[in-house]
K.L.:
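What follows is a single structure, and I will ask about it in a moment.
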Amino acid sequence: MEKNRVDLRICGLSYTIITEDDPDYVEELGEFIDKEMKTINNESPTLSTTQCAVLVALDQADACRKATASADNLRAQIKDYLEDSARARMEVDVARREIERLNKEISNLRNRLAEK
């Protein structure tokens, strides 16, 4: 895949990123990180750039873990729903076969009554 060179400016510092990702996507990430760091810096102006970066990293790691846990939970729910669906399909098939059997039995009984 093609390598892209993306220049970012975060908290007044320039960074050049070499990536296979779409440059617009990487720029959006850089803008997001810059905004987060500026927000923390405005709330706590005595923090260094490194301290702001660590706080943003911790916040994003937390968000990532929570999103992963949520995705895992959704995957488990989907798996349960698929298992329930498969079970229901099997039950429907069994019920259909029983209905067919009973309809044949009814038909046979009607034929026997008609013969009498």
Side-chain angles (χ1 to χ4, degrees):
M1 187 158 191
E2 180 183 336
K3 300 268 185 190
N4 298 306
R5 179 185 168 119
V6 182
D7 294 318
L8 303 176
R9 191 142 183 92
I10 300 173
C11 278
L13 298 172
S14 295
Y15 299 90
T16 299
I17 308 296
I18 306 298
T19 180
E20 293 179 353
D21 290 326
D22 178 47
D24 291 337
Y25 171 73
V26 176
E27 287 172 5
E28 286 177 24
L29 292 176
E31 289 169 7
F32 175 77
I33 296 300
D34 183 56
K35 180 182 169 199
E36 291 293 304
M37 288 183 64
K38 284 178 179 175
T39 298
I40 290 173
N41 195 303
N42 287 338
E43 292 172 1
S44 303
T46 59
L47 295 177
S48 70
T49 301
T50 302
Q51 289 170 320
C52 288
V54 168
L55 291 175
V56 169
L58 285 171
D59 186 51
Q60 291 309 303
D62 176 54
C64 180
R65 285 247 174 123
K66 287 177 180 172
T68 299
S70 179
D72 289 345
N73 184 38
L74 288 172
R75 275 190 282 276
Q77 286 180 1
I78 289 169
K79 182 182 174 200
D80 290 345
Y81 294 148
L82 290 173
E83 289 171 357
D84 289 347
S85 173
R87 231 181 340 273
R89 279 195 298 270
M90 286 175 42
E91 290 172 4
V92 165
D93 288 343
V94 168
R96 281 189 182 136
R97 284 193 296 272
E98 181 65 9
I99 288 169
E100 287 176 20
R101 186 190 69 73
L102 291 171
N103 281 334
K104 285 179 186 175
E105 187 176 326
I106 289 170
S107 179
N108 288 337
L109 290 172
R110 283 185 179 149
N111 288 339
R112 285 176 42 196
L113 276 174
E115 290 174 2
K116 290 185 179 188

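Predicted model, so just to flag it, every value in this text is computed and none were measured. Hydrogens, waters and symmetry mates are skipped; everything else that's a heavy atom, side chains included, is used.
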K.L.:
Check whether any side-chain heavy atom of Lys3 sits under 4.5 Å from a side-chain heavy atom of Glu20, and report yes or no.
P.N.:
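Sidechains of Glu20 and Lys3: in contact.
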K.L.:
So, does Thr39 use its side chain to make a donor-acceptor pair with the main chain of Lys35 at under 3.5 Å?
P.N.:
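Here the side-chain-to-backbone pair exists.
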K.L.:
Any chance you could measure Arg87, atom CZ, to Met90, atom CE, to the nearest 0.5 Å?
P.N.:
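Between Arg87 CZ and Met90 CE, I get 9.0 Å after rounding to 0.5 Å.
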K.L.:
Report the distance from atom CG of Asn41 to atom OG1 of Thr49, rounding to the nearest 0.5 Å.
P.N.:
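Answer for the CG-OG1 pair, Asn41 versus Thr49, is 6.5 Å.
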K.L.:
Is there side-chain contact between Gln51 and Leu55, with at least one heavy-atom pair below 4.5 Å?
P.N.:
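Side-chain contact under 4.5 Å: no.
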K.L.:
Taking the side chain as every heavy atom from C-beta outward, state whether Val26 and Asn4 have any pair of such atoms under 4.5 Å apart.
P.N.:
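Counting from C-beta outward, Val26 and Asn4 never come under 4.5 Å.
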K.L.:
Compare every heavy atom of Ile40 with every heavy atom of Cys52, then report the nearest pair and how far apart it is.
P.N.:
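Reported closest heavy-atom pair: SG-CG2, 3.8 Å.
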K.L.:
Could you tell me whether Arg89 and Asp93 have a side-chain N and a carboxylate O separated by less than 4.0 Å?
P.N.:
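Not counted as a salt bridge, because no side-chain N and carboxylate O are separated by less than 4.0 Å.
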K.L.:
Would the distance check show the side chain of Asp34 and the main-chain N or O of Cys11 forming a donor-acceptor pair, the cut-off being under 3.5 Å?
P.N.:
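Side chain of Asp34 to backbone of Cys11: a pair is present.
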K.L.:
Taking side chain as C-beta onward, heavy atoms only, is Asp80 less than 4.5 Å from Glu83?
P.N.:
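A side-chain contact under 4.5 Å exists here.
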K.L.:
For the pair Asp62 and Arg65, find out whether any cationic side-chain nitrogen is under 4.0 Å from an anionic carboxylate oxygen.
P.N.:
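Salt bridge: no.
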K.L.:
Decide yes or no on salt bridge (charged side-chain N to carboxylate O under 4.0 Å, His left out) for Arg101 and Glu98, but give the supporting numbers first.
P.N.:
CA-CA 5 Å; Arg101 186 190 69 73; Glu98 181 65 9; 2.7 Å; yes
K.L.:
Enter the distance from Asp22:CG to Glu27:CD here, rounded to the nearest 0.5 Å.
P.N.:
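Reported to 0.5 Å precision, the distance equals 8.5 Å.
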K.L.:
Report yes or no: does Thr68 contribute a side-chain atom to a donor-acceptor pair with the main-chain N or O of Cys64 at less than 3.5 Å?
P.N.:
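Yes: the side chain of Thr68 pairs with the backbone of Cys64.
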K.L.:
Main chain of Lys38, side chain of Asn42: is a donor-acceptor contact present, judged purely on distance under 3.5 Å?
P.N.:
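Checked: pair present.
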K.L.:
Using 4.0 Å as the upper bound for N to carboxylate O, is an ion pair formed by Arg97 and Glu100?
P.N.:
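Salt bridge absent between Glu100 and Arg97.
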K.L.:
According to a hydrophobic-cluster definition based on side-chain heavy atoms being under 4.5 Å apart (Ile, Leu, Val, Met, Phe, Trp, Tyr only), do Leu13 and Leu47 belong together?
P.N.:
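In one cluster with Leu13: Leu47, yes.
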K.L.:
If you round to the nearest 0.5 Å, how far is CG of Leu29 from CG of Asp24?
P.N.:
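Interatomic distance, Asp24 CG to Leu29 CG, rounded to 0.5 Å: 11.0 Å.
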K.L.:
Can you tell me if CZ on Arg110 sees more than 12 non-hydrogen neighbours from other groups inside 6.0 Å?
P.N.:
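No, not enclosed.
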K.L.:
Linking Ile, Leu, Val, Met, Phe, Trp and Tyr by side-chain heavy atoms under 4.5 Å, what else ends up with Val92?
P.N.:
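Members alongside Val92: none; it stands by itself.
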K.L.:
From the options Ile18, Thr19, Ile17, select the one residue that forms a side-chain contact (heavy atoms from CB on, under 4.5 Å) with Arg5.
P.N.:
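Single side-chain contact (heavy atoms from CB on, under 4.5 Å) partner of Arg5 among Ile18, Thr19, Ile17: Ile18.
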K.L.:
For the residue pair Leu82 and Lys79, establish whether any side-chain heavy-atom pair is separated by less than 4.5 Å.
P.N.:
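A side-chain contact is absent here, since even the closest heavy-atom pair is not under 4.5 Å.
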